[in-house]
Amino acid sequence: MTQRIDKALIAEENAKLESYLKEDYQALGNQLARKNINIDDITAKAEEFQIAVPSWGTGTGGTRFARFPGEGEPRNIWEKLEDSAVINDLSQCTERVSPHFPWDKVDDFSELKQTSDSVNLKWDSINSNTFQDQPGQEHSYKYGSLANTSVAARDLAIQHNLDCIEWGKELGSKTLTVWVGDGSNHPGQQHFQSAFERYLESMKTIYAGLPSDWELHIEHKMFEPAFYSTIIQDWGSNILAAMELGPQAKSLVDLGHHAPNVNIEMIVSRLIQFKKLGGFHFNDSKYGDDDLDSGSLHPYQQFLIFNELVDAEYRGQEGFKPNYMLDQSHNVTAPIESLMNSAASVQRSYISALLVNRPQLTEYQTNNDALMCSNTLKNAFNTDISPILAMARFRKGGAIDPIATYRKANYRGIVGKLRPSSGGNGSGIV
Ligand code: LRH
Ligand code: MN
């Protein structure tokens, strides 16, 4: 029987906070009304907002040095679904889960679909994995997968991606995300053009296997596991590949896959302009692909990214429907708490960006009034919209304070007794 957070407990905890919420909501409503903004219109947008959770993020993450699993770790996709249902019960904006194969592979996908339906969860983008060899794998990915010089290794990687599409079809997914670690560690180790040509050839075969209503999302990454060159190292190689493959191929932006201080919001603007923005893996980082909680270090950058996204929505940009997903590794926090916090952080960036006075901004931009351009954005960013996010959760039956309600429910304590520890702390992100 799937463990859930009792609706009565959510109502009980909400009852303690409801009057304060309504007071704060009213005050913010008055403030926004002075700017001709109807708070309920914005709250309705917050209620529509959805961001997918990564199945692999529901367990404690680690690094190459170590992983310190917590109590009641989810040991398989069934328990990851259980934890994902709790996140959505409380946050009411994470109804989709993104699986990773073969980590989440099962024998009976229709049973998995029935289980997800039973906890009101849907399936987001399917992530293939050709960055690890499976036990007994005949052709190793040590020297790459889709760009490997070995035809046999490439064919194996291509077939895995085609299998992922078949499994995704059974789950009702509409997207395949392809991130490969292919690259080199030494100058001269790889011929850049031939490697890219091999990659494109392999991706063309995968692209040909896509159902007509699916998208193929290509994820770029500057380095790791390769430390000299990576086949899709940046948005340049990414958009070139997406353009070469065809209209169903789009670029995915994982925030942590860029060098520090790269202007990611401008990359987003370019991808939007050329109708090649497929979606995001939201997280935050200070140095490398740290996979830290979204908005935990650079909330203004995350807001500026949504400023570009809302601008595109506002301008009615053709073919604009990016997919939002978290991709984080929770090494020292409770994964469920971090995922709820991060979903709310990304939702906050979206709602704040909706408060930007765009006609005013356009006027200041036209007049090169740089200071007022910046202030127009900062005014929106600095408006505390917490009552809107809480009211959206409350109106959808979620928790006004998800973390407090989750802790009150002692969910981890309960499942900790039902899920014997998976032992083995080992290392690695999962
Ligand atoms: C690569 C990545 C990719 C996933 C993996 C778990 O760093 O961001 O999106 O496949 O993390
Ligand atoms: Mn990612």
Side-chain angles (χ1 to χ4, degrees), residues 2 50-58 74 76-82 84-85 88 94-132 134 137 141 145-146 154-180 199-219 241-242 244-252 254 276-281 319 321-327 430:
T2 308
Q50 285 288 335
I51 183 162
V53 296
S55 65
W56 61 94
T58 56
N76 50 49
I77 188 59
W78 311 101
E79 293 174 352
K80 292 173 186 178
L81 270 184
E82 213 173 8
S84 301
N88 193 44
T94 59
E95 69 184 13
R96 295 201 314 279
V97 177
S98 177
H100 216 301
F101 297 131
W103 293 340
D104 298 325
K105 189 169 175 319
V106 295
D107 301 331
D108 180 347
F109 280 92
S110 61
E111 185 193 2
L112 187 57
K113 181 72 170 68
Q114 277 159 27
T115 304
S116 56
D117 288 345
S118 72
V119 290
N120 313 324
L121 291 176
K122 300 185 181 76
W123 295 95
D124 196 74
S125 187
I126 306 296
N127 296 271
S128 60
N129 174 345
T130 59
F131 51 85
Q132 294 172 320
Q134 300 312 311
Q137 182 169 313
Y141 295 143
S145 58
L146 299 174
R154 296 203 301 275
D155 289 349
L156 191 67
I158 292 167
Q159 188 52 51
H160 168 66
N161 280 280
L162 295 174
D163 294 345
C164 283
I165 293 171
E166 291 316 308
W167 301 329
K169 281 191 305 194
E170 293 195 61
L171 296 176
S173 175
K174 295 287 183 199
T175 313
L176 173 69
T177 295
V178 179
W179 169 70
V180 295
Y199 170 87
L200 290 171
E201 260 350 278
S202 301
M203 286 291 270
K204 282 177 183 159
T205 310
I206 297 168
Y207 188 91
L210 275 183
S212 58
D213 61 349
W214 273 54
E215 285 191 350
L216 175 58
H217 288 181
I218 301 168
E219 183 176 2
E244 181 73 10
L245 290 170
Q248 292 174 262
K250 303 254 179 98
S251 301
L252 182 143
D254 182 313
K276 280 298 182 185
L277 178 64
F280 293 87
H281 282 181
K321 61 172 185 45
N323 187 57
Y324 302 146
M325 185 184 141
L326 299 170
D327 179 5
V430 293

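Residue indices begin at 1 and follow the sequence shown.
A pairwise comparison of heavy atoms in A85 and L121 identifies N-CD1, 3.7 Å as the closest pair. Smallest separation of non-hydrogen atoms from D104 and S55: OD2-OG, 2.5 Å. The two residues A241 and Y199 make their nearest non-hydrogen contact at CB-CE2, 4.2 Å. Heavy-atom minimum distance, G279 versus H217: N-CE1, 4.2 Å. Here the closest non-hydrogen pair linking P54 and M325 is CB-CE, 4.0 Å. Nearest approach of P322 to Y324, heavy atoms of both residues: CG-OH, 3.7 Å.
Scored by the side-chain hydrogen bond (donor to acceptor under 3.5 Å, both in side chains) test, E95 finds K122 as partners (sequence neighbours excluded).
A donor-acceptor pair is defined here as one N or O able to donate and one able to accept, closer than 3.5 Å; no such pair exists between the side chain of S125 and the backbone of S98. At distances below 3.5 Å, at least one donor-acceptor pair connects side-chain atoms of K276 with backbone N or O atoms of A249. Without hydrogens or angle criteria, E219 side chain to L252 main chain gives no donor-acceptor distance under 3.5 Å.
Looking only at atom types and distance, the side chain of D155 has no donor-acceptor partner in the side chain of Q159 under 3.5 Å away. Judged by distance alone, the side chains of N88 and N120 never bring a donor and an acceptor atom under 3.5 Å apart.
Put simply, the side chain of C164 reaches to within 4.5 Å of the side chain of H160, judged on heavy atoms. Side-chain atoms of M203 and I218, non-hydrogen and from C-beta on, do get closer than 4.5 Å to each other. Residues T58 and V97 fail the side-chain proximity criterion, which asks for heavy atoms closer than 4.5 Å. Side-chain contact between T94 and S84 is absent, with no heavy-atom pair separated by less than 4.5 Å. Taking the side chain as every heavy atom from C-beta outward, N127 and W56 approach each other to under 4.5 Å. Between T175 and N323 the shortest side-chain heavy-atom distance does not fall below 4.5 Å. Between S173 and W167, the closest side-chain pair of non-hydrogen atoms is not below 4.5 Å. Side-chain contact between E170 and K113: absent, with no pair of heavy atoms (C-beta onward) separated by less than 4.5 Å.
Between the CD atom of E111 and the CH2 atom of W78 there is a distance of 4.0 Å, given to the nearest 0.5 Å. Here the straight-line distance linking atom CD1 of I77 with atom CD of E82 works out to 11.5 Å at 0.5 Å rounding. Distance check, rounded to the nearest 0.5 Å: CG of L171 to CG of L112 gives 5.5 Å. Here OH of Y207 is found 9.5 Å from CD of E215. Values are rounded to the nearest 0.5 Å. Taking CD1 from I126 and CG from D163, the interatomic distance works out to 12.0 Å, rounded to the nearest 0.5 Å. Atom CG of L146 sits about 11.5 Å away from atom CD of E201, to the nearest 0.5 Å.
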With side chain to side chain contact (heavy atoms under 4.5 Å, CB included) as the criterion, how do F109 and E166 come out once you've worked through the C-alpha distance, each side chain's angles and the decisive distance to 0.1 Å?
CA-CA 10 Å; F109 280 92; E166 291 316 308; over 6 Å; no

Walk me through it: do S116 and W123 pass the test side-chain hydrogen bond (donor to acceptor under 3.5 Å, both in side chains)?
CA-CA 8 Å; S116 56; W123 295 95; 2.9 Å; yes

Tell me, with the steps shown, if L156 and Y141 meet side chain to side chain contact (heavy atoms under 4.5 Å, CB included).
CA-CA 9 Å; L156 191 67; Y141 295 143; 3.6 Å; yes

